Each structure stands twice: as structure tokens, then as C-alpha cells.
Amino acid sequence: MSGGGLKSRLTAAACARLTEARERIFGHVLNPTGQRSPHKILRKKLFGEKIAAWYPYDPKYDDPAVIKREESERLSKLEMLRRRGKGPPKKGQGKRASKRK
């Protein structure tokens, strides 16, 4: 009877070694307890490069003349709104500050 127990233990040990070898070869992760693991997410390929390649490169982001022109346009629009009384309030004089008083 002890031979049957020995055979099952040897079979279990061989199966464990086979499982470990399979993990190393194919990159599987053994999870005998069934606990949640981030491995499935970490295994996925990153797709940020693919998304970035979808959109064409816009050279205006590197051109300082374009950046300066857009900044001046923004400031001139803000100045025009302020002259008409439609601009943003000064710091500490908005709706929220006036409610406290």
C-alpha cells in the first residue's frame, strides 16, 4: 500500500516541476490560491506609442513665434473683455469671496 502513496507523491512532484518549467517557457504565472493579481494587466503591451502615432505631429508646439503670438492674442482678448467689464474679477473679489462678507 505504501507504493501507491509513493507513486502519487512522485507524480505530484513531477507535475509541479512540469508546471514550473511551463511557467518559465511560456511566461505563465501560477496562482494556485486564486487571489487577484495585477499580472494580467502588466502583461499587456503598452499602447501609448500607437495612439500617439495616430495623430499627426503639430510643429506649432515647438515654434516660439507661434506660442508668443497665441499668448499675445489671449492677452489682447482678455484686455478687451476687461474694458467692457466682462473679464475675470481680481483675486479675492469673486462670487465666493462676496458671499462670505
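Scope of the values below: all heavy atoms of this structure, side chains included, with no hydrogens, waters or symmetry mates. Quick caveat: nothing in here was measured; it's all calculated off a predicted structure.
The CZ atom of Arg22 sits 4.5 Å away from atom OG1 of Thr19, with the distance rounded to the nearest 0.5 Å. Residue Arg82 holds its CZ atom at 8.5 Å from NZ of Lys90, rounded to the nearest 0.5 Å. Residue Lys50 holds its NZ atom at 8.5 Å from NZ of Lys45, rounded to the nearest 0.5 Å. Expressed to the nearest 0.5 Å, how far OG of Ser72 lies from CD of Glu79 amounts to 13.0 Å.
Side-chain contact between Pro88 and Leu81 is absent, with no heavy-atom pair separated by less than 4.5 Å.
Between Arg69 and Glu73 a salt bridge is recorded (basic side-chain N to carboxylate O distance below 4.0 Å). Taking 4.0 Å as the cut-off between side-chain N and carboxylate O, Lys68 and Glu71 do not count as a salt-bridged pair.
More than 12 heavy atoms of other residues, nucleotides or ligands sit less than 6.0 Å from atom OH of Tyr57.
No continuous path of ILVMFWY side-chain contacts below 4.5 Å connects Leu46 to Ile41, so the two sit in separate hydrophobic clusters. No path of Ile, Leu, Val, Met, Phe, Trp and Tyr side chains, each step under 4.5 Å between heavy atoms, connects Leu18 with Leu10, placing them in separate hydrophobic clusters.
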